Chemist: 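Below: one structure in structure tokens.
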Amino acid sequence: MFSPDDTIVAIATPPGRGGIGVVRLSGPASASIASALSGRSAFRPRYATLTTLTGADGAPIDRAVVIFFPAPHSYTGEDVIEISTHGSPVVSNAVVAAALARGARLANPGEFTFRAFLNERIDLVQAEAIGDLVDAVTPLQARVAFDQLDGTLTTRLLEMDAALLQLIAPLEASLDFPDEGYHFVAPDEAGRGITAALASLEALLADARRGRMIREGVITAIVGRPNAGKSSLFNRLAGASRAIVTDIPGTTRDLLTERIDIGGVPCTLVDTAGLHGGAGDVVEAEGIARARKALETADLVLLVLDRSRPMDEDDARLLDAIDPSRRVAIASKSDLPAAWDPERIDALEASSVTGAGMDALRERIASFAGVSELRDSAPIANQRHVALLAKAREALARAAAAAASGTPEEFVLADLYDARMRFDEITGARPQDEVLAQIFERFCIGK
Ligand SMILES: Nc1nc2c(ncn2[C@@H]2O[C@H](COP(=O)(O)OP(=O)(O)OP(=O)(O)O)[C@@H](O)[C@H]2O)c(=O)[nH]1
Ligand SMILES: [Mg+2]
């Protein structure tokens with residue numbers, strides 16, 4: 001993909017003006033290029049040295065602080081030079097140009113981190129975590145990314161891998177003495193071991209949905225019969241008057257979305273057309289079809305039920321149709337006299353006019369995403385990891401079934417090896433070029 005023998009250079013700080021601008025070099029010629037730019041013969045490792053930099057034409061560029069991180073104790077594992085100048089793009093660009101004139105090459109996006117991976121400073125999970133950390137929009141996203149960077153997932157995978165290896169060793173030994181079959185381990189004992197490994201994998205995967213919601217957001221659809229107060233609730237949660245509100249049933253025709261932050265969880269709110277059994281015009285029918293689609297695909301449904309009017313068939317049907325584990329029933333318009341008792345169906349009372357019940361609702365949404373349980377486990381947030389773990393789970397399930405039915409050891413072993421291979425793919429022990437390209441391409445230049 002990239003040649004790791006060159007010395008690469010890039011501006012590491014964001015584009016534009018700033019207090020300081022950092023230019024980073026990595027590769028075998030880093031130190032000699034820094035010497036050429038500064039006229040100094042050498043830099044003391046890990047010490048900040050104030051020096052004047054000159055361009056290829058001999059004209060001074062700026063006074064700068066230069067730090068030399070010799071291999072292997074650097075971000076990339078190679079010789080790295082970090083040059084901090086005054087934060088003007090003109091100065092940063094002049095430093096880069098001077099480095100290029102002395103033989104450096106402009107870095108590709110993510111190339112510094114890619115080199116760190118190639119030099120085994122970090123594994124693939126950590127490289128992806130660095131990308132997530134840089135991209136994090138909410139503090140919670142940053143927390144989850146940092147946990148991965150800390151190696152939490154890798155540690156869990158290594159534990160599971162070690163457990164599988166313990167199962168594999170006696171099975172392999174039994175293979176060497178085929179006459180006696182399962183000589184070194186009884187089939188039911190092997191089966192128990194595999195079931196235990198399967199259970200820890202299941203636990204890890206159970207975290208994945210939570211992790212995805214934190215990383216990518218909870219899709220929250222606001223659903224209910226016409227005029228129930230959906231758009232008013234949408235506007236209230238969004239903190240802006242985005243959706244049209246009128247007292248005419250059927251005001252909202254199309255889907256309307258808004259990104260909001262609820263307790264650190266990014267949330268995509270979706271306002272929908274009122275659902276009812278009666279037939280309307282073509283536009284309304286299409287709006288209802290879209291509302292149903294949103295209802296199906298949402299992670300969470302806010303079911304709005306007008307507390308000021310008696311419940312009708314449409315309300316009852318919706319209450320029945322949506323799984324309680326993914327819905328919050330809301331008794332809306334709580335500032336008006338009540339026509340029914342919200343406690344009966346465990347509905348949250350709320351008013352978009354007074355704002356009553358909004359904090360409780362926000363808490364319910366955040367707790368749905370599992371924010372409160374986040375203390376000690378790092379959820380997997382990455383779809384690539386989830387897909388590979390799911391494949392490992394299939395392999396282990398096959399192995400468990402094979403062991404239980406006394407199938408020859410070879411077959412059990414093949415599935416156990418399959419599961420281990422998936423773990424290796426996650427951490428990058430067996431990287432595939434296209435996977436690497438996909439992961440590092442989304443980085444910015446200079447990272
Ligand atoms: N008093 C009171 N009126 C409300 C409240 N929420 C909504 N309304 C009124 O109820 C009517 C309908 O509100 P919308 O938010 O448009 O209802 P909707 O569910 O989006 O309606 P459709 O888009 O037609 O399906 C409007 O007249 C609102 O002013 C509330 O909390 N209290
Ligand atoms: Mg509406």
Side-chain angles (χ1 to χ4, degrees), residues 218-260 262 267-322 326-365:
V218 187
I219 299 173
T220 307
I222 304 178
V223 168
R225 77 164 132 115
N227 226 33
K230 300 179 294 300
S231 298
S232 305
L233 181 68
F234 176 88
N235 288 341
R236 185 89 203 187
L237 286 173
S241 199
R242 287 269 337 266
I244 299 173
V245 169
T246 74
D247 55 5
I248 306 163
T251 302
T252 305
R253 299 300 188 96
D254 208 344
L255 301 180
L256 201 61
T257 64
E258 181 81 24
R259 290 281 279 188
I260 58 170
I262 291 190
C267 190
T268 302
L269 269 189
V270 187
D271 186 22
T272 67
L275 293 169
H276 64 100
D281 63 25
V282 188
V283 182
E284 186 178 21
E286 177 59 26
I288 289 179
R290 288 180 189 201
R292 291 198 191 286
K293 193 105 202 142
L295 174 63
E296 279 164 28
T297 50
D299 296 309
L300 179 66
V301 176
L302 306 184
L303 175 56
V304 183
L305 304 157
D306 191 339
R307 199 195 69 159
S308 71
R309 292 178 47 190
M311 286 231 202
D312 68 6
E313 268 175 29
D314 292 320
D315 291 327
R317 238 197 314 270
L318 283 168
L319 259 177
D320 227 33
I322 309 164
R326 63 174 199 108
R327 74 151 145 80
V328 179
I330 295 162
S332 66
K333 310 188 190 180
S334 69
D335 54 297
L336 299 178
W340 46 272
D341 177 14
E343 269 183 29
R344 196 164 50 82
I345 54 158
D346 193 25
L348 193 80
E349 290 177 85
S351 166
S352 302
V353 171
T354 65
M358 291 301 149
D359 286 343
L361 178 54
R362 285 196 190 89
E363 263 167 42
R364 287 280 282 273
I365 297 173

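These values consider heavy atoms only, across backbone and side chains, with no hydrogens, waters or symmetry-generated copies. Nothing here was measured: the structure is a model prediction, and the numbers come from that model. Ligands are counted one by one from 1 in listed order, and the atoms in each one are counted from 1 as well.
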Chemist: Side chains of I222 and V304: does their closest heavy-atom pair fall under 4.5 Å?
Modeler: yes

Chemist: Report yes if some heavy atom in the side chain of T220 is under 4.5 Å from a heavy atom in the side chain of I262; otherwise report no.
Modeler: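 Sidechains of I262 and T220: no contact.
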
Chemist: Ligand 1: which residues have a non-hydrogen atom closer than 4.0 Å?
Modeler: P226, N227, A228, G229, K230, S231, S232, V245, T246, D247, I248, P249, G250, T251, T252, G274, K333, D335, L336, S351, S352, V353

Chemist: Which residues pass the salt bridge (charged side-chain N to carboxylate O under 4.0 Å, His left out) test with D320, sequence neighbours left out?
Modeler: none

Chemist: Using 2.8 Å as the cut-off, note every protein N, O or S atom close to the Mg ion (ligand 2).
Modeler: S231 OG, T252 OG1

Chemist: Sequence neighbours left out, what passes side chain to side chain contact (heavy atoms under 4.5 Å, CB included) with L255? Give chain and number order.
Modeler: V270, T272, R290, A294

Chemist: For R253 and D281, run salt bridge (charged side-chain N to carboxylate O under 4.0 Å, His left out): C-alpha distance rounded to whole Å, both residues' side-chain angles, the deciding distance at 0.1 Å, then the answer.
Modeler: CA-CA 11 Å; R253 299 300 188 96; D281 63 25; 3.5 Å; yes

Chemist: Where the side chain of N235 meets the backbone of S232, is there a donor-acceptor pair that is under 3.5 Å apart?
Modeler: no

Chemist: Among side-chain atoms of T257 and T268, is any donor-acceptor pair under 3.5 angstrom?
Modeler: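 No donor-acceptor contact under 3.5 Å links the two side chains.
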
Chemist: Is the backbone N or O of H276 less than 3.5 Å from a side-chain atom of R225, with the two atoms forming a donor-acceptor pair by type?
Modeler: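 No: the side chain of R225 does not pair with the backbone of H276.
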
Chemist: Could you tell me whether a side-chain N or O of D314 sits under 3.5 Å from a main-chain N or O of G277, the two making a donor and an acceptor?
Modeler: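 Yes, the answer is positive, given that a donor and an acceptor are paired below the 3.5 Å cut-off.
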
